[in-house]
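Heads up: the structure comes next, in C-alpha cells.
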Amino acid sequence: MELRAKTVELLSEPAEELPVAVGKKTPTIALEKEIGIRPVTLRTGRSRAIFKLQQGIVRGVRRFLEESSFTELFTPKIVASGAEGGANIFSLDYFGRKAYLAQSPQFYKQMLVPVYERVFEIGPVFRAEKHDTARHLNEYISIDAEMGFIDSFYDIIELETAMLKAVFALLEGECSGYLRELGAALPPIGEVPCMRFREIKEKVAEKYSRKIRDPFDLEPEEERLISRYAKEEFGSDFIFVTHYPAKKRPFYAMDDPEDPKYTLSFDLLFRGLEITTGGQRIHDYAMQVEKMRAKGLDPADFETYLMLHKYGCPPHGGFGMGLERLLLMLLDEKNIRTTSMFPRDTLRLEP
C-alpha cells in the first residue's frame, strides 16, 4: 500500500538528540550504561520484545491459576516481621515503629489457604542481600502460589509443571513474533525429573569429578552441573531438586518424617539456575511452635501468623518463582538486569 501525506503536524520536539539509535535492534553500548538510560533504550525493538514476553509469562500464569480455581491476592509490602528472617531484610521507620519491606507474601498466602484454599500473587519482593552478581536483584517480581488439602509436596511440583506447560503454550501461540525477534526457542517440557538433594549432589560430584564443598546448600557451579546432568541423562532443561536440609530451610518448612534432617521441600532449576523454591508447610500448631523455638525464634513475635495454625489449617504447600530469572534463562541472557525493566541492585536506585 502506498500512502501520500497531505499535511504533517509536529506534535512534540525533542530538546536533544537521542543518546543511542533506537532504530537498531540492539544498542551497541555496555549494559550498565544502557540501564542508566533505560527510558530511551526501552524504545528499541529488542527491549520492547523482552518485556512483551515478560507480560506474556504473567498472562499465562494468571490464566492457568485462575482456571485452576486460584484466587489472586494483593498482600502488604510493609510488614512487622520477615518471612525468611535473617539479615537480608530492609528495615524502615514506620511512624516511630520499626517495620520491614516484605521478603515474600509467604505468611499471608498461608493465612488465606483456609479462606480460599488456593491463592496466588504476582508482585514485588525485597531482599537486602549484598550480592553483586549477574543473577541477583534486591527487588524482583515473585510469582507465588499456595494450595490446601495436598497429599504431599509432589502435588505442588505437578501444579508448577502444568503451569509452565501452559505458559509456554501461550508464549508459542500469542508471543511467537517476539520469540522470533529475540531468537529464543522454548524448551519442551515433558515429565520433569525429580532427584533428592543429597543424591544429586553425589551424582554430580562423581560424574564431573567435583568435590562437595557445602553439604547443606547448592553452589552456583553445582546448579549448572545439575542442569547439565538433567540434560544429559533425561533430556530435560528442568530438574526438581527435593528434600533440602532443614538447616537451610525456613521455620515453616515441614520436616521429612522419615529423616528430620531434611525437609519436604524443593527447588526447580532451569538451564543451570534456581528459579523456584517451594514445598510443604507445617500446619500443626504445636509442631510449628516447636520448630520456631528450635531455630531460636520467639513464637510471641509471630502471633498473627500463628493464628493460621492455632485455629485450624489443612495440609498445604506452595512455591515462589522469580519472574526475571525465568525470562533470563528462557532468553539465554547473561545478566538478570536485562530482564528487569528498572533493576534495583546494591548500587542502583535510578532510573
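Residue indices begin at 1 and follow the sequence shown.
When only modelled atom types and interatomic distance are considered, Asn88 and Gln103 share a side-chain donor-acceptor pair under 3.5 Å. Counted by atom type alone, Thr263 and Asp255 present zero donor-acceptor pairs between their side chains at under 3.5 Å. When only modelled atom types and interatomic distance are considered, Thr44 and Thr41 share no side-chain donor-acceptor pair under 3.5 Å.
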Self-check item: Derivation of the side chain to side chain contact (heavy atoms under 4.5 Å, CB included) call for Arg127 and Ser104
Solution: CA-CA 9 Å; Arg127 302 292 173 100; Ser104 162; 4.3 Å; yes

Quiz prompt | Check against side chain to side chain contact (heavy atoms under 4.5 Å, CB included), Asp298 and Met292 | solution = CA-CA 7 Å; Asp298 184 355; Met292 284 177 170; over 6 Å; no

Exercise. Please lay out, stage by stage, how Glu222 and Lys201 fare under the test salt bridge (Lys or Arg N to Asp or Glu O under 4.0 Å).
Key: CA-CA 8 Å; Glu222 275 183 305; Lys201 281 181 81 81; 2.9 Å; yes

Quiz prompt | side chain to side chain contact (heavy atoms under 4.5 Å, CB included) between Leu264 and Ser152, worked out | solution = CA-CA 8 Å; Leu264 302 179; Ser152 78; over 6 Å; no

Exercise. Please lay out, stage by stage, how Ser176 and Arg180 fare under the test side chain to side chain contact (heavy atoms under 4.5 Å, CB included).
Key: CA-CA 6 Å; Ser176 57; Arg180 283 195 302 273; 3.7 Å; yes

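Note: the hydrophobic cluster containing Leu328 does not contain Leu31 (ILVMFWY, side chain heavy atoms under 4.5 Å, direct or indirect links). Both Tyr208 and Ile226 belong to a common hydrophobic cluster when Ile, Leu, Val, Met, Phe, Trp and Tyr are linked at side-chain heavy-atom distances under 4.5 angstrom. A continuous path of Ile, Leu, Val, Met, Phe, Trp and Tyr side chains, each step under 4.5 Å between heavy atoms, connects Leu65 with Leu164, placing both in one hydrophobic cluster. In this structure, Phe197 is a member of the same hydrophobic cluster as Leu225, with clusters built from ILVMFWY side-chain heavy atoms closer than 4.5 Å. No continuous path of hydrophobic side-chain contacts links Leu218 to Ile212 [ILVMFWY only; heavy atoms under 4.5 Å].
Side-chain N or O atoms of Asp284 include one that pairs as donor or acceptor with a backbone N or O of Met287 at under 3.5 Å. Side chain of Asp345 to backbone of Arg348: a donor-acceptor contact under 3.5 angstrom is found. Side-chain atoms of Glu139 do not come within 3.5 Å of backbone N or O of Val125 as any donor-acceptor pair. A donor-acceptor pair is defined here as one N or O able to donate and one able to accept, closer than 3.5 Å; such a pair exists between the side chain of Thr339 and the backbone of Ile336. Looking at Arg118, its side chain never comes within 3.5 Å of a backbone N or O of Val113 through a donor-acceptor pair. Within the 3.5 Å criterion, the main-chain N or O of Ala253 finds a donor-acceptor partner in the side chain of Lys291.
Around atom CZ of Arg198, no more than 12 heavy atoms belonging to other residues, nucleotides or ligands sit under 6.0 Å away. The neighbour count for Tyr116 OH, taken as heavy atoms of other residues, nucleotides or ligands under 6.0 Å away, does not exceed 12. When the shell of 6.0 Å around NZ of Lys165 is examined, it contains more than 12 heavy atoms from other residues, nucleotides or ligands. In Tyr178, the OH atom is not crowded: 12 or fewer heavy atoms of neighbouring residues, nucleotides or ligands sit closer than 6.0 Å. The local environment of OH in Tyr94 is sparse, with at most 12 non-hydrogen atoms from other residues, nucleotides or ligands closer than 6.0 Å. Shown here is Lys77, whose NZ atom has more than 12 heavy atoms of other residues, nucleotides or ligands within 6.0 Å. In this structure, Glu199 places its CD atom where more than 12 heavy-atom neighbours from other residues, nucleotides or ligands lie under 6.0 Å away. Within a 6.0 Å radius of CD in Glu232, other residues, nucleotides and ligands contribute more than 12 heavy atoms.
A salt bridge does not link Arg337 to Glu34: none of the charged nitrogens lies less than 4.0 Å from a carboxylate oxygen. A salt bridge does not link Glu274 with Arg135: every distance from a Lys NZ or Arg NE/NH1/NH2 to an Asp or Glu carboxylate oxygen is 4.0 Å or more. Ion pairing between a basic and an acidic side chain is recognised when a charged N comes within 4.0 Å of a carboxylate O; Glu174 and Arg63 show such pairing. Between Lys109 and Glu121 there is no salt bridge, since no side-chain N of the basic residue sits under 4.0 Å from a carboxylate O of the acidic one. Between Lys207 and Glu233 there is a salt bridge, since a side-chain N of the basic residue sits under 4.0 Å from a carboxylate O of the acidic one. Ion pair Arg196/Glu202 not flagged as a salt bridge, since none of the NZ, NE, NH1 or NH2 atoms sits closer than 4.0 Å to an Asp/Glu carboxylate oxygen. Between Arg271 and Asp332, no side-chain nitrogen of the basic residue sits less than 4.0 Å from a carboxylate oxygen of the acidic one, so the salt-bridge criterion is not met. Asp93 has no carboxylate O lying under 4.0 Å from a charged side-chain N of Lys98, or vice versa, which leaves the two without a salt bridge. One finds no salt bridge joining Glu221 and Arg210 here, because no Lys/Arg side-chain nitrogen approaches an Asp/Glu carboxylate oxygen to under 4.0 Å. A salt bridge is defined here as a Lys NZ or Arg NE, NH1 or NH2 lying under 4.0 Å from an Asp or Glu carboxylate O, and Arg293 with Glu290 fails to meet this definition.
In this structure, Gly148 and Pro314 approach most closely via the heavy-atom pair CA-CG, 4.4 Å. When all heavy atoms are compared, the tightest approach of Ala49 to Glu181 is CB-OE1, 3.9 Å. In this structure, Pro114 and Cys313 approach most closely via the heavy-atom pair CG-SG, 4.1 Å. Of all the heavy atoms in Phe238 and Ile189, the pair that sits closest is CE1-CG1, 3.8 Å. In terms of heavy atoms, Gln280 sits closest to Pro315 at NE2-CB, 4.3 Å. Taking every heavy atom of both residues into account, Leu330 and Leu171 meet most closely at CD2-CD1, 3.9 Å.
Seen from the ring of Tyr244, Arg249 counts as a face-on cation partner, given the 6.0 Å and 45° thresholds. Under the 6.0 Å distance and 45° angle rule, Lys295 does not count as a cation-pi partner of Phe251.
Evaluated for a side-chain hydrogen bond (donor to acceptor under 3.5 Å, both in side chains) with Arg281, the options Gln288, Gln110, His316, Glu146 yield exactly one hit, Glu146.
In summary, the aromatic rings of Tyr140 and His136 are positioned with their centroids too far apart to meet the 6.0 Å limit. Taking the six-membered ring for Trp and the full ring otherwise, the centers of Phe90 and Phe126 sit at least 6.0 Å from each other.
To the nearest 0.5 Å, atoms SG (Cys175) and CZ (Arg59) are separated by 5.0 Å. Between atom CG of residue Asp237 and atom CZ of residue Phe270 there is a gap of 6.0 Å, rounded to the nearest 0.5 Å. Distance CE/Met111 to CG/Leu306: 9.0 Å, rounded to 0.5 Å. Going from atom CZ of Phe64 over to atom CZ of Arg62 covers 14.5 Å, rounded to the nearest 0.5 Å. Rounding to the nearest 0.5 Å places CE of Met321 at 13.5 Å from CZ of Phe120. Interatomic distance, Ile282 CD1 to Leu308 CG, rounded to the nearest 0.5 Å: 11.0 Å.
Looking only at side-chain heavy atoms (C-beta outward), Leu101 and Ile89 stay at 4.5 Å or farther from each other. Residues Thr276 and Phe240 fail the side-chain proximity criterion, which asks for heavy atoms closer than 4.5 Å.
With sequence neighbours left out, His243 forms a ring-ring contact (aromatic ring centres under 6.0 Å, His included) with Phe153.
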